[in-house]
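Report on the following structure.
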2 protein chains.
Amino acid sequence: MRRVVEFKKKARVLLIDDNYEHLAGIREIISLEGQFDVVATSTNANVGVSLVKKHHPDVVLMDINMPEKDGLQAIQEIEKLDLGVRIVALSGYDDADLIFRAMKLGAKGYVLKTMASAQLIYAIEEVVSGKIYLPPALSSRFFEYFQRSFKEEEANISNEENLLTYLTQREEEVLDLLTQGITYKGVAGKLFISETTVKTHVNNIFQKLQVNDRTQAVLYAINNGFTNKRRALMTTV
Amino acid sequence: MRRVVEFKKKARVLLIDDNYEHLAGIREIISLEGQFDVVATSTNANVGVSLVKKHHPDVVLMDINMPEKDGLQAIQEIEKLDLGVRIVALSGYDDADLIFRAMKLGAKGYVLKTMASAQLIYAIEEVVSGKIYLPPALSSRFFEYFQRSFKEEEANISNEENLLTYLTQREEEVLDLLTQGITYKGVAGKLFISETTVKTHVNNIFQKLQVNDRTQAVLYAINNGFTNKRRALMTTV
DNA sequence: CATTTCATAGACCATGTGGTCTACATCATT
DNA sequence: AATGATGTAGACCACATGGTCTATGAAATG
């Protein structure tokens, strides 16, 4: 068994925080631990993104409460670079929406500034090792927000009465084709029925959905859970 | 300070698991602890849902790997009752997709059958106290799945080339109105321009989006990130 | 200053779309 | 046997929509 002598190279960290005091403090904390290299720092999000391009750090600690440029936007830009840079969001607030958005944009961790320095170090370690790390308290908030947003979506879809339920099977088939942007003639061809029959069905659909034209029918269908490809991707039970 | 003597009423638990051995085992575990009441059990999802209606338990432990009726579907049905019943999903697999779907449907916890009984008890305690609980390992899987699904969505939206970027601002305004199912005349009215101008814009839009009619244009817009109300709700950065 | 892009708008025409009515065959329900 | 819902289909008509061309003024770009 080979002896691996303290030689795994240190993870390279880049700090972005508009508050210089914080920046210095964090740098101090990280330096003291000695297990990471701080390759660069910036008090400006735009500059920070440039530095990321230049240095290709392993991890970026990103303050997301910055006045000028939004830290969230910076996260998005860095993710778009697709350099495999892992981002830990730093924030003063445990706002569920902020956490949700940061994670959605690809942040691999979210740490509150009020947390103990050990927690920050731990989060970085976890993220460096490829994991996603949220402190348990934030984890809870995230899940709550997650569930709430889905519940709201469902409420929107099946609220009051879904007029789609009044459609006959045949009418659903027709509507399905309409939501693919197909003409009467096209639908008639696909369903092996005459064009006038399609028109009859379509008119009945309009009646039932209380709309005046195909575009509105298609919109109603999509907004009310009529499964079309991409919604299916995200919303599949 | 009042002395609260061991008198908070026990949380009422209902078990659903098609495997009778498991069911008995879990019941045993819970009973031994003595802090929860098992009010009913069932080896069948449909019956289980009925029992939930009858007993209004505080917590339901739901096996989601059942052959006949899907446990996920049962979760959905129970959630739809809106009785405030909290569901903990039980599963043999730490499949990220399963976890994601269970949580999306409103499960407040997810526990693997292979986990120590103490973990199950702890999960129930947390859930009873109003929290959401996922074991750290599952939490990680959940987050990975979450991020991956969003990344895929983004990839779908901005893959190759988003033809929407070629639209001029005015054309975007027109398209925006089209995605609300408005006619030429209506658009003209809203934008204070003539109907023929609208037609010109619309035709240019068709050219740029490489489609033949308004329905297809609207579909393209929606499927490619053109913000319309409900997408905004879910996808807002 | 020339050129390009953009927003505006008219003319003309073919065709797609929507509204309304009537009609008939099936099938299930009463 | 009668009724109602469903799927089919034709006729007719008004108008919305889409395709193509031309044209002008403003603004930006070179």
Side-chain angles (χ1 to χ4, degrees), chain A residues 158 160-228, chain B residues 158 160-228:
Chain A
S158 60
E160 300 173 17
E161 240 190 344
N162 193 332
L163 299 177
L164 289 172
T165 60
Y166 295 137
L167 299 184
T168 68
Q169 191 161 355
R170 200 54 161 169
E171 285 162 355
E172 281 186 8
E173 292 178 59
V174 173
L175 180 54
D176 181 48
L177 294 175
L178 288 193
T179 62
Q180 292 170 41
I182 303 181
T183 66
Y184 285 152
K185 204 169 305 204
V187 175
K190 296 227 176 201
L191 298 184
F192 303 107
I193 54 181
S194 93
E195 204 175 325
T196 52
T197 302
V198 176
K199 287 181 55 175
T200 306
H201 285 313
V202 170
N203 269 293
N204 290 334
I205 291 171
F206 291 166
Q207 299 291 325
K208 292 185 179 177
L209 300 189
Q210 297 167 28
V211 299
N212 308 308
D213 58 57
R214 58 206 296 119
T215 306
Q216 288 173 9
V218 167
L219 289 172
Y220 186 95
I222 292 177
N223 287 333
N224 290 83
F226 201 81
T227 357
N228 95 331
Chain B
S158 60
E160 300 176 17
E161 240 189 346
N162 191 333
L163 299 177
L164 289 172
T165 60
Y166 295 137
L167 298 183
T168 68
Q169 190 163 353
R170 200 54 161 170
E171 286 162 355
E172 281 185 8
E173 293 179 58
V174 173
L175 180 54
D176 180 49
L177 294 175
L178 288 193
T179 62
Q180 292 170 43
I182 302 181
T183 65
Y184 284 151
K185 205 170 304 204
V187 175
K190 295 227 176 203
L191 298 184
F192 303 107
I193 54 180
S194 93
E195 205 176 324
T196 53
T197 303
V198 176
K199 287 182 53 175
T200 307
H201 285 313
V202 170
N203 268 292
N204 290 334
I205 291 171
F206 291 167
Q207 299 292 325
K208 293 185 179 178
L209 301 189
Q210 297 167 28
V211 298
N212 308 308
D213 57 58
R214 56 204 300 117
T215 306
Q216 289 174 9
V218 168
L219 289 172
Y220 186 95
I222 291 177
N223 286 334
N224 290 82
F226 200 80
T227 357
N228 95 331

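Quick note on labels: first sequence line is chain A, next is B, and so on, each numbered from 1. Note that these values count all heavy atoms, side chains included, but never hydrogens, waters or copies made by symmetry.
Here the shortest heavy-atom pairing between Gly181(B) and Gln216(A) reads O-NE2, 2.8 Å. Tyr220(A) and Leu163(A) make their closest contact through OH-N, 3.0 Å (heavy atoms, listed as atom of the first residue, atom of the second, distance).
Straight-line distance from the CD atom of Glu195(A) to the P atom of dG18(C): 12 Å, rounded to whole Å. Following rounding to the nearest Å, Tyr166(A) (OH) and dT6(D) (P) show an atom-to-atom distance of 13 Å. Note: CZ (Arg214(B)) to C1' (dG19(D)) measures 15 Å, nearest angstrom. Remark: P of dT17(C) and CD of Gln216(A) are 15 Å apart, rounded to the nearest angstrom. The interatomic distance linking Leu178(A) (CG) with dT17(C) (C1') rounds to 11 Å, in whole Å. In this entry the distance linking CD of Glu172(A) with C1' of dT6(D) reads 14 Å, nearest Å. Atom NZ in Lys185(A) sits about 8 Å away from atom C1' in dT15(C), given to the nearest Å.
The phosphate of dG18(D) has OP1 or OP2 within less than 4.0 Å of a side-chain N or O from Tyr184(B).
Without hydrogens or angle criteria, Asp176(A) side chain to Glu172(A) main chain gives no donor-acceptor distance under 3.5 Å.
Applying the salt bridge (charged side-chain N to carboxylate O under 4.0 Å, His left out) test to residues at least two apart or on different chains, the pairs with a partner in residues 201-218 of chain B are Glu171(B)-Lys208(B).
Between the side chains of Ser194(A) and Thr197(A), at least one donor N or O lies within less than 3.5 Å of an accepting N or O.
For the pair Leu164(B)/Leu175(B), a side-chain contact is recorded, criterion being any heavy-atom separation below 4.5 Å from C-beta on.
Here the side chain of Ile193(A) is nearest to one of dG10(C), dA9(D), dT17(D), namely dA9(D).
Less than 4.0 Å separates DNA chain C from at least one heavy atom of each of the following residues of residues 196-213 of chain B: Thr196(B), Thr197(B), Lys199(B), Thr200(B), His201(B).
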